[in-house]
Amino acid sequence: SSTMSFSEAEVQSARGAWEKIYVDAEDNGTTVLVRMFTEHPDTKSYFAHFKGMDSAEEMKQSDQVRGHGKKVFTAINDMVQHLDNSEAFLGIVNPLGKKHATQLKIDPKNFRIICDIILQLMEEKFGGDCKASFEKVTNEICTHLNNVYKEAGW
């Protein structure tokens, strides 16, 4: 298991950046998913109940989209709380990755897409410093998820 190398300062600034966007977890999580489904329509195919939705407006109103947006943000929030504890961090990432790889069969490239959209949203709402503070976290999350996928035989 690879350990993470976040300095105390990096952990603090990443948490500060994340807190700003996590305050509105459901709305921001929804925005991220709607953007993903709109800009990468193939990603909708993984969600049976989102398939028929074509307009961003319709997606934004959907309880399922909102629910999943919040779920995604809650999972990332759990990871952010454990940036200074590799074991706890991996305790969240590993089962999540395994479920998406084996049960849901989600292409791992979608994690990068979601992370990039989160960074984009951070920059739009709170500026480049906010985005920069969180970039390393998204790289770490995607790297570990990809590792789980490799172990699962992707």
Quick check against the 3.5 Å criterion: does [X] have a side-chain atom that pairs as donor or acceptor with the backbone of [Y]?
X      : Y      : result
Arg15  : Gln81  : yes
Glu140 : Val137 : no
Tyr149 : His144 : no
Asn85  : Ala88  : yes
Asn146 : Cys142 : yes

ask   = If you look only at pairs with a residue in residues 117-136, which of them pass as a ring pair (Phe, Tyr, Trp, His ring centres under 6.0 Å), with sequence neighbours excluded?
value = Trp18-Phe134
inquiry  = Test of understanding: with salt bridge (charged side-chain N to carboxylate O under 4.0 Å, His left out), list the residues that count as partners of Glu135, not counting sequence neighbours.
reply    =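 Salt bridge (charged side-chain N to carboxylate O under 4.0 Å, His left out) list for Glu135, sorted by chain: empty.
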ask   = When rounded to the nearest 0.5 angstrom, what distance separates NZ in Lys71 from CD in Glu26?
value =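 So the NZ of Lys71 and the CD of Glu26 are separated by 13.0 Å.
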ask   = Out of curiosity, Trp154 CH2 to Asn147 CG, how far, rounded to the nearest 0.5 Å?
value =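 If we round to the nearest 0.5 Å, Trp154:CH2 and Asn147:CG are 15.0 Å apart.
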query = Any chance the side chains of Arg66 and Gln61 put a donor and an acceptor closer than 3.5 Å?
reply =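 Not at all, the side chains of Arg66 and Gln61 share no donor-acceptor pair under 3.5 Å.
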Identify every side-chain donor-acceptor pair in residues 91-102 under 3.5 Å, counting partners at least two apart or on other chains, and give the distances.
unit_1 : atom_1 : unit_2 : atom_2 : d
Asn94  : ND2    : Leu90  : O      : 3.4
His100 : ND1    : Leu96  : O      : 2.9
Thr102 : OG1    : Lys98  : O      : 2.6

ask   = So which of Phe47, Phe50, Phe73 actually passes ring-ring contact (aromatic ring centres under 6.0 Å, His included) with His68?
value = Phe47
